[in-house]
Amino acid sequence: MGTLLEVRDLRTEFNSEGGIVKAVDGVSYDLQEGETLGLVGESGCGKSVSALSLLRLIPNPPGRIVGGEVIFEDQDLMKLSERQMRSIRGNKIAMIFQEPMTSLNPVLTIGRQLTETVELHMGYSPEAAVRRSVELLEMVGIPDARSRLSNYPHQFSGGMRQRVMIAIALSCSPRLLLADEATTALDVTIQAQILELIKNLSTELGTAVIIITHNLGVVARYADRVNVMYAGKIIERGTADEIYETPKHPYTRGLLGSVPRLDVDREDRLASIEGMPPDLDRLPPGCSFVPRCPHADDHCRAEMPPLSSKDGTEHVYACWKGHEFGPLELVQTKA
Amino acid sequence: MTINNRVLKALVLFTSILALTMVLAACTSDEPDPTPTSAPDTQAPAATAAPSDSGDGAAPAPTPTAMMMEEESRYGGIANFSTRADPPLGWDPMRSGSISVLMPAGSLFGMGNMIRQCPDDGTAVCPGVATEWSKNADGTAWTFTLRDNVYWHDGVKLTAADVKFWLELAVFGVTVGENSRRPVSWNFARWVESVEAPDDLTVVINLKSPVFDFDQLLAVDNQILAHPRHLMQPEIDAGNVNVSPLDVGLVALGPYYLEEYRPGSVAKMRRFDQYYKTDEAGNQLPYLDGIDFYITPDPSGMDTAFRTGRLDATARGSGFQLTPEREAAILSTLGPERVTILEMAQSSFWALAFNTLREGPLQDVRVRQAIHLWLDRPELVQVTFGGFGKMTGMFDPDTAWANPGLMETPGWNPATKDADRQQAKAQLAEAGYPDGFEAEFMCRRLWGFVCEPLVGQLEDLGISIDLQLVDDATRAARTLEGSYDMVMSGPTLALPSQYGSITSSAGTSATADSKHNDTKVDDFFVRLASAGSVEERIEIAQEMERYIAVEQAYGAWLYTENTHTVVREYVKGIQVPIDNYRRNLDFATVWLDK
Amino acid sequence: MQKYIARRVLLFIPTLILASILIFGILRILPGDVALAILGQEAAEGGGGYTETQIRELRAELGLDDPLPIQYVKWAWSMVNGEFGGESIRSTEPLSSIIARRLPVTLQLTVYTVLLSIIVAVPLGVFSALYQDKWPDYVLRMGAILGQSMPNFWIALLLLLFMVTQIGWSPPLGYSNIWVDPFHHLQIMIWPALILAWRFSAYMTRITRSGMLEVLAQDYVRTAKAKGLGQGLVVRRHSLPNVLIPVITLGGLEVSTLLGGTVILENLFGIPGLGQEIVQASVGRDFPVVQSLAMMLVFFMLGLNLVVDIAYSYVDPRVRYS
């Protein structure tokens with residue numbers, strides 16, 4: 001399997017009242033064909049922005065991609081014309097969004113929203129597009145697919161809507177699927193179903209997936225490799241097992257301490273990390289995690305650690321002290 | 001499908017509303033408006049010449065193209081005139097003497113009836129559909145001889161019975177079952193005892209008591225014969241006693257017949273080939289092929305249309321007559337050489353009326369005279385009307401009714417103004433008000449622009465004025481109560497057509513503006529009405545003017561406004577009324593020089 | 001949905017009654033009584049004096065001798081049974097015929113205005129939103145503010161004056177029905193429609209712009225872009241239908257005020273609609289006409305609100321199926 005995607009030093013900024021926000025601050029990673037990659041972090045860490053940056057869908061103003069390369073199938077997406085870019089969106093790279101409630105157009109039928117993609121990218125006739133849409137709906141497990149084509153989004157439940165979103169995203173058999181918090185808004189039982197669906201279909205279609213979530217538990221189960229982001233940067237990367245078993249960055253360790261459990265309220269999930277994510281427009285000079293880190297010292301405050309590993313493995317992390325941490329003993333969060 | 005279903009449905013809904021509107025418009029506005037079934041060619045007028053002494057008797061109808069015209073008047077063309085509103089009250093001159101009726105209707109109806117006021121002299125009487133008239137020795141029976149060539153627009157010949165029908169309708173009204181039509185308040189009506197039609201061309205009016213100039217009363221221009229018996233009688237018999245000329249398609253006797261009337265837009269009059277009049281050379285009138293009267297309810301809209309050549313004449317009537325500014329704007333667009341300005345006296349006379357029934361200084365005739373002496377009329381005319389007007393007494397100084405030389409007497413004469421004003425001060429002091437006094441001045445709100453300049457002058461005299469601008473209902477109510485010291489008395493109209501209004505503003509009636517118990521004033525009106533001749537009437541009028549306006553000064557008579565209307569330079573033959581813009585509206589002699 | 005419509009219709013009726021009482025009441029609390037106002041005006045303008053008998057007769061003719069509630073009920077009933085308050089004092093024409101003749105003209109003018117406004121305002125509003133805070137947006141917003149802040153009749157006078165002095169042209173006179181002489185008809189109607197549309201489209205542009213901005217920030221627009229749709233499709237298919245919902249609602253409500261604007265312009269341009277009649281009737285103290293036509297206008301404003309509410313439910317599937 002070859003490399004499908006190479007992201008090099010991607011930087012995206014937003015103008016805000018407080019100044020320039022570096023939402024994505026030099027992110028680099030790569031993705032193999034058919035691989036499932038997890039992109040994890042708290043909300044506001046830049047993971048969604050980095051995904052939107054791949055598709056160049058950053059609203060401008062106020063946002064702007066200021067640098068970096070995104071090599072997809074040997075092309076730098078950042079250098080393509082808008083027209084060329086459009087032929088990639090929804091076609092080679094598709095995206096599923098967090099809010100199934102609002103991500104579908106309320107005044108268009110499901111059918112219309114499904115057919116337009118294949119009509120556009122695959123040149124299907126309207127009839128062929130309808131046939132394809134029925135196929136797709138059946139594929140994502142929506143019963144009575146043909147008759148539901150003429151329904152409106154508000155006539156579907158949340159989980160069903162997300163299935164529709166998946167059907168839309170997969171309609172052109174994309175090479176890469178970006179799933180941005182695709183299950184966050186759903187009931188826990190539905191979440192698992194949807195993730196299974198994504199997993200199965202992507203395997204079937206040979207589609208690479210980037211699962212963007214704040215939930216390490218999801219990633220651990222479905223991703224091959226995981227990138228952990230904090231304050232616009234990737235601060236740890238490794239296989240799902242490595243990240244799950246021996247997280248090196250205190251932030252990752254904190255996140256793992258907050259893997260959701262069915263018996264704990266959602267609000268408590270991140271309770272084990274003290275403090276709030278930093279303001280991205282006034283980051284401290286050294287490691288961004290210092291204010292929340294129990295292990296921080298002067299070195300941490302003075303200098304941002306590079307993303308590396310002591311032992312030269314693929315499991316890299318941006319922490320001066322990462323090598324000191326052993327495997328994580330799963331401490332249960334307060335019950 | 002780029003637009004989704006719902007929006008499409010909304011669009012369909014919207015388009016259907018649009019379509020419905022259009023269909024509605026088509027159904028309602030295309031309804032043919034009452035149009036006379038005029039058949040000018042089916043019944044040619046009797047070509048037998050019946051020359052009348054007045055020189056405008058019938059003559060063979062000439063073919064316009066073959067005409068050799070005297071004074072280069074020319075046949076043909078449609079004139080575009082303007083009128084300010086749809087004629088109210090079914091275009092019925094029995095119900096309204098408003099210019100809104102008369103301006104378009106005059107051309108359909110003609111002016112007057114059997115007789116009319118002469119176009120160039122309001123005090124003289126000219127033939128209408130009658131050619132001759134005479135009174136018996138004691139002035140109680142008047143006999144009229146009709147022309148033999150008068151046709152209604154539908155081709156039916158006019159007979160004495162038609163005139164009798166009209167006279168009786170006006171004088172007595174009519175009652176059918178529970179419906180009754182009120183008599184008309186025209187001045188001649190109160191004297192009429194009965195009407196006879198001994199033969200087809202003779203009408204005899206019997207009077208209750210002698211009236212030696214009954215013809216003067218009858219000839220008033222707005223007392224128009226526009227009520228065809230053959231069309232109205234069936235309606236009346238059916239109970240529709242208030243049938244109006246509009247109800248029967250405006251079939252009348254005038255120089256033009258109605259081709260089309262679209263309310264709110266236009267009334268199209270076309271040449272009536274059987275019109276009974278000729279010009280002095282014996283050429284059939286009217287000259288024009290027709291007149292389109294456009295209804296222009298907004299003066300700015302009217303001015304604009306005139307300035308761009310869409311109108312050949314502006315409308316008459318208050319609000320539509322030109323102001324100096326508007327006239328200047330028109331002249332600047334078109335250039336003076338392309339416009340003819342027609343100036344008409346309105347014969348409506350403004351006065352500052354006094355209430356002598358209320359306790360106060362105005363009960364003293366010296367005070368009232370002081371005000372009369374003090375007021376500077378030329379200045380008021382300038383300030384109030386931009387100079388479009390002239391000072392008057394109770395009558396137009398340029399007519400026979402007025403006292404000759406009145407405008408050179410104290411109060412009016414500008415040359416003696418300084419002396420008059422000293423005299424005014426002196427009289428005020430003599431009456432015990434050397435430092436002036438306070439007075440309530442009631443003024444109709446719409447006339448604020450008339451009253452305010454007066455207030456300035458009165459305050460200069462030392463009278464402290466409390467100007468009260470009121471609406472019509474309040475003004476009417478307070479007039480009945482007499483709760484004011486002075487009031488702006490609106491324009492009263494000229495004799496002989498308007499005895500009534502002069503009585504109402506100057507007499508002892510409760511609706512009069514000036515308040516007094518002087519029965520001598522009422523006597524004047526009784527004497528005026530029963531006077532035996534024009535000369536006697538004029539004498540009484542002059543005596544009345546001296547008594548009311550100068551000796552007793554029940555009001556300070558001020559001025560009249562002049563109506564300015566404009567026509568394009570190629571519009572010829574308009575008979576400009578010297579005394580009242582409501583006259584000479586038949587436009588039979590108008591022609592276009594282009 | 002049926003329940004929703006039924007509720008709206010039920011609410012419509014008491015509102016209408018309340019409005020009719022207001023109109024009736026306002027004309028009754030004018031100073032003095034109506035008969036005196038009519039006769040007083042005639043007397044003031046030289047129409048001759050009047051007597052106590054005349055006052056009594058006119059009062060009887062106008063039905064002013066009845067107690068107020070009876071007067072109201074009589075009038076209200078005549079509005080329902082199609083007599084619309086009897087006949088005009090001034091012209092003696094039955095109000096039903098006045099309304100039948102004049103209402104379609106006013107409706108036509110309104111329809112032209114709305115059509116023009118939509119044709120202009122929706123694209124401009126979208127354009128303005130797409131170029132938010134860039135110079136085309138500023139220019140359009142400036143034009144919109146001008147259109148909303150200048151009085152209609154003043155614009156109309158300026159326009160007429162401009163045409164007269166600069167090109168020596170003015171709209172033709174004598175209104176024609178569109179079926180009889182469409183060119184003539186349009187030459188007259190286009191000007192008031194344009195002037196009214198300026199104001200109206202200024203408003204519509206504003207709501208389209210703000211609606212568009214709001215919609216463009218919606219998740220489903222992002223979805224549409226992520227599908228690779230071009231700007232055109234994103235705007236036409238995914239944004240506009242959603243923008244139309246507020247535009248129809250707010251625009252429909254604003255049409256009510258448009259009816260008010262036609263009153264003055266109809267008179268100025270000589271268009272024989274309801275507005276012209278109301279102006280002429282007010283000047284001529286024609287109380288039955290003023291009263292009934294005012295009621296008609298109110299009826300249309302309220303009716304329009306109702307239609308808009310129902311149309312709204314049609315355009316928005318979320319309301320339709322709830």
Side-chain angles (χ1 to χ4, degrees), chain A residues 48 51-52 54-62 82-110 112-122 150-155 161 164-165 168-169 171-172 174 177-178 180 185, chain C residues 1 4 122 126 128-138 208-249 310-322:
Chain A
S48 287
L52 287 171
L54 298 187
L55 284 173
R56 285 172 44 189
L57 284 177
I58 299 298
N60 177 13
E82 177 60 25
R83 172 186 292 273
Q84 288 169 313
M85 197 60 218
R86 281 208 301 270
S87 69
I88 288 180
R89 290 184 199 133
N91 185 19
K92 298 262 179 71
I93 306 179
M95 189 159 179
I96 305 171
F97 296 96
Q98 174 171 1
E99 280 291 340
M101 299 297 194
T102 56
S103 293
L104 286 168
N105 196 322
V107 305
L108 296 180
T109 60
I110 295 302
R112 175 73 279 194
Q113 299 188 56
L114 268 164
T115 52
E116 62 182 355
T117 326
V118 286
E119 281 174 21
L120 180 73
H121 294 300
M122 306 177 71
S150 59
N151 284 13
Y152 288 90
H154 71 272
Q155 292 166 295
R161 273 184 238 187
V164 172
M165 284 299 294
I168 293 172
S171 57
C172 298
L177 177 66
L178 307 174
D180 182 5
Chain C
M1 168 97 163
Y4 170 78
V122 171
V126 170
S128 203
L130 294 179
Y131 288 84
Q132 185 193 5
D133 295 332
K134 302 202 170 78
W135 71 262
D137 184 32
Y138 285 122
T208 308
R209 175 182 179 274
S210 61
M212 194 69 196
L213 284 177
E214 202 174 298
V215 167
L216 285 178
Q218 294 292 320
D219 289 345
Y220 52 79
V221 169
R222 192 182 53 189
T223 306
K225 286 181 184 162
K227 285 170 167 180
L229 299 180
Q231 174 109 314
L233 275 183
V234 169
V235 168
R236 271 206 321 279
R237 188 183 291 165
H238 286 266
S239 311
L240 260 188
N242 287 289
V243 175
L244 286 184
I245 295 168
V247 167
I248 287 179
T249 317
I310 293 171
Y312 173 84
S313 67
Y314 259 90
V315 175
D316 191 336
R318 284 162 297 190
V319 178
R320 184 153 31 100
Y321 289 103
S322 62

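Note that the structure is a prediction, hence the values are computed from the model and not measured.
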Most chain C-contacting option - heavy-atom pairs closer than 4.5 Å, from A:Ala169, A:Pro174, A:Pro153, A:Gly90: A:Gly90

Chain A contact via C:Leu229 - side chain, backbone, both or neither, heavy atoms under 4.5 Å: both

Heavy-atom contact with chain C under 4.5 Å, split by part of A:Leu52: side chain

Region of A:Gln113 in contact with chain C, defined by heavy-atom distances below 4.5 Å: both

CG on A:Leu55 to NZ on C:Lys225, rounded to 0.5 Å: 12.0 Å

Single hit among C:Asn242, C:Leu244, C:Leu240 for side-chain contact (heavy atoms from CB on, under 4.5 Å) with A:Val107: C:Asn242

Part of A:Met165 within contact of chain C (heavy atom distance under 4.5 Å): side chain

Pairwise distance CD(C:Gln231) to CZ(A:Arg86) - rounded to 0.5 angstrom: 8.5 Å

Minimum heavy-atom distance A:His121-C:Gly228, with the two atoms named: NE2-CA, 4.1 Å

A:Ser103 side-chain N/O to C:Thr223 backbone N/O, donor-acceptor pair under 3.5 Å: no

C:Asp219 (side chain) donor-acceptor with A:Thr102 (main chain) under 3.5 angstrom: no

Engaged part of A:Ile168 at the chain C interface, taking heavy atoms whose separation is under 4.5 Å: side chain

Heavy-atom side-chain proximity of A:Leu120 to C:Lys227 below 4.5 angstrom: no

